[in-house]
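Structure first, commentary second.
Just so you know, ligand 1 is whichever comes first in the structure, and atom 1 is the first atom listed for that ligand. Quantities reported herein were computed from a predicted structural model and do not represent experimental measurements.
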Amino acid sequence: MIDLNNLTIKKAHQAMKAGEYSCLDLTGAYLNEIEKKNPKLNAYLEVFTESALKEAKIADKKFKEGTATLLTGIPIAVKDNILIKGKIASAGSKILENYKATYDATVVKKLKKEKAVFLGRTNLDEFAMGASTENSAFGVTKNPHDIERVSGGSSGGSAAAVAANLCLAALGSDTAGSIRQPSSFCGVVGLKPTYGAVSRYGLIALGSSLDCIGPIVKNVRDAEIIQEAIKGWDKSDSTSLREVKSQKLKIEKSKFTVGVPNIRLTDGQIKSETLKNLEEAIEKLKSLGYKVKSIELPNLRYAVPAYYIILPAEASANLARYDGVKYGLREKGENLMETYFKTRGRGFGPEVRRRIFIGTYVLSAGYLDAYYNKANAVRDLIKKDFEKAFEEVDLILTPTTAGPAFKIGEKSADPVQMYLEDIFTVPANHTGLPAISIPYGQAEEMPLGIQFIASHQNESLLFKVSKDFLGEKD
Ligand code: GLN
């Protein structure tokens, strides 16, 4: 029996290298777990049993030849808005229910090169709009720690799969917190890289100026391994970063200053257990030798409102392509206009429709300045706040979420309550900064997470401090 509970990428690699078990054994072990637990959790929308076993055999050959890399034979899950050639990519939507990807996303191509094993595609809120997977057209993903609670979202399927040992690592996407919030709810590690550090080519677009692909994993080292493998400039993504700045100098400083924003700003939205947990994290940082400093981010309170103007604007433009002609579902009408109405009316769920309405409204001629342009101006102010903060501190600490995973149905009737879930995570998307959620503490017998945000392209600092904080050895 392979101890999946305590497995990490490095441990699995070493065991396969030493011949303790094969990639096929490992893949088989995960497929067994999936068969047992997925019907209850609904983390996967589809399991690629046949192709995964084939890939595992190829990976075993690489071990025999001595050409295996760290990710060879590692069973991973992919959020169902990231394209894998020949597989369905539904984005959790009826409109793409039977859409088959015609090419690999760059991240998938990179992992295929390493001969990772693709176990299946995981559930998400429709088009990644949501914070609970309750907006998926294919059912909610339950939290493995308590199946009456949500797994978070939108990458809830990926986070639940990692937490329940239904894969060793997973990919998610993060536009306002969709990697970090479900990671926090499920007690795992989630990294949102610097905007542009990882190619978005082959990610079904939500908000193009905010979207990032990143890992959801068991520990910080695994996040680093996946991030190393998937990052890099890509000619197919014009926003991908050409150069990765070296942050060596900073890393060698032995102790860092961590800034903690004044979160009274959130006006009582935050649970007392979360605040207590943050205090404990601060004390722990101090005992490890870090300096902790209180910082002001005066425009933080506008981060959520600005996002819910910018995102719908970008999403409404990105979703215009689902018209019953080019992709996916087609509900034929008497004429072209009727085909559009029928297809989009039936194919999109309520949250997606709501955002298309808002997005179209804020972009319309008379309202552009009042809403969209104003929200972008606010975004610039938030960026400046962070730039200023990083003149004084090396890293920023916040809770990842206001509280632990909530009950299924608790927030689904009130979109604004759901939007407030993004309060701590969305600033890193507005600013393009890298941020990580690591498990720390508990409330209501559920995991809690804390978040570190670093300066631009400073992922290595996130890894270093997170490992130090968790006492994780390399
Ligand atoms: N809660 C955010 C939203 O609903 C999450 C988006 C994301 O990160 N994909 O838009």
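When only interatomic distances are considered, the shortest N/O to N/O separation between Gly130 and ligand 1 falls below 3.5 Å. For Tyr307, a nitrogen or oxygen atom sits less than 3.5 Å from a nitrogen or oxygen atom of ligand 1, counting backbone and side chain alike. Taking only nitrogen or oxygen atoms, main chain and side chain alike, Arg355 reaches within less than 3.5 Å of ligand 1.
For Thr175, heavy-atom contacts with ligand 1 shorter than 4.0 Å involve the backbone as well as the side chain.
Put simply, the side chain of Tyr44 reaches to within 4.5 Å of the side chain of Cys167, judged on heavy atoms. Proximity of Lys109 to Lys112: side-chain heavy atoms (C-beta onward) are nowhere separated by under 4.5 Å. The shortest side-chain heavy-atom distance between Leu363 and Leu368 falls under the 4.5 Å cut-off.
Ion pairing of Arg354 with Glu351 is present here, as a side-chain N (NZ or NE/NH1/NH2) and a carboxylate O approach within less than 4.0 Å.
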task: Would you check, one step at a time, whether the test salt bridge (charged side-chain N to carboxylate O under 4.0 Å, His left out) holds for Glu97 with Lys94?
output: CA-CA 5 Å; Glu97 189 169 9; Lys94 283 269 172 222; 3.7 Å; yes
- request: Please step through salt bridge (charged side-chain N to carboxylate O under 4.0 Å, His left out) for the pair Lys110 and Glu114, ending with a clear verdict.
  value: CA-CA 7 Å; Lys110 285 178 185 258; Glu114 310 272 339; over 6 Å; no
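Between the side chains of Asn123 and Thr133, no donor-acceptor pair is found at a separation under 3.5 Å.
The ligand atoms of ligand 1 that sit less than 4.0 angstrom from a heavy atom of Met129 are 4 (O). Those atoms of ligand 1 that come under 4.0 Å of a heavy atom in Asp174, given as number and element, are 8 (O). Listed by number with element, the atoms of ligand 1 under 4.0 angstrom from any heavy atom of Tyr308 are 1 (N), 2 (C), 3 (C), 4 (O), 10 (O). Using a 4.0 Å cut-off to heavy atoms of Ala128, the atoms of ligand 1 that qualify are 6 (C), 7 (C), 9 (N). Close approach to Ser154 involves these atoms of ligand 1, each under 4.0 Å from a residue heavy atom: 9 (N). Within ligand 1, the atoms closer than 4.0 Å to a non-hydrogen atom of Leu206 are 9 (N), numbered from 1 in the order shown. Taking every non-hydrogen atom of Ser178 and a distance limit under 4.0 Å, the qualifying atoms of ligand 1 come out as 5 (C), 6 (C), 7 (C), 8 (O), 9 (N).
Of the residues listed (Lys464, Lys231, Lys467), the one engaging Glu224 in a salt bridge (Lys or Arg N to Asp or Glu O under 4.0 Å) is Lys467, and it is the only one.
At the top of the distance list for atom 2 (C) of ligand 1, counting protein heavy atoms only, stands Asp422 OD2, 3.3 Å.
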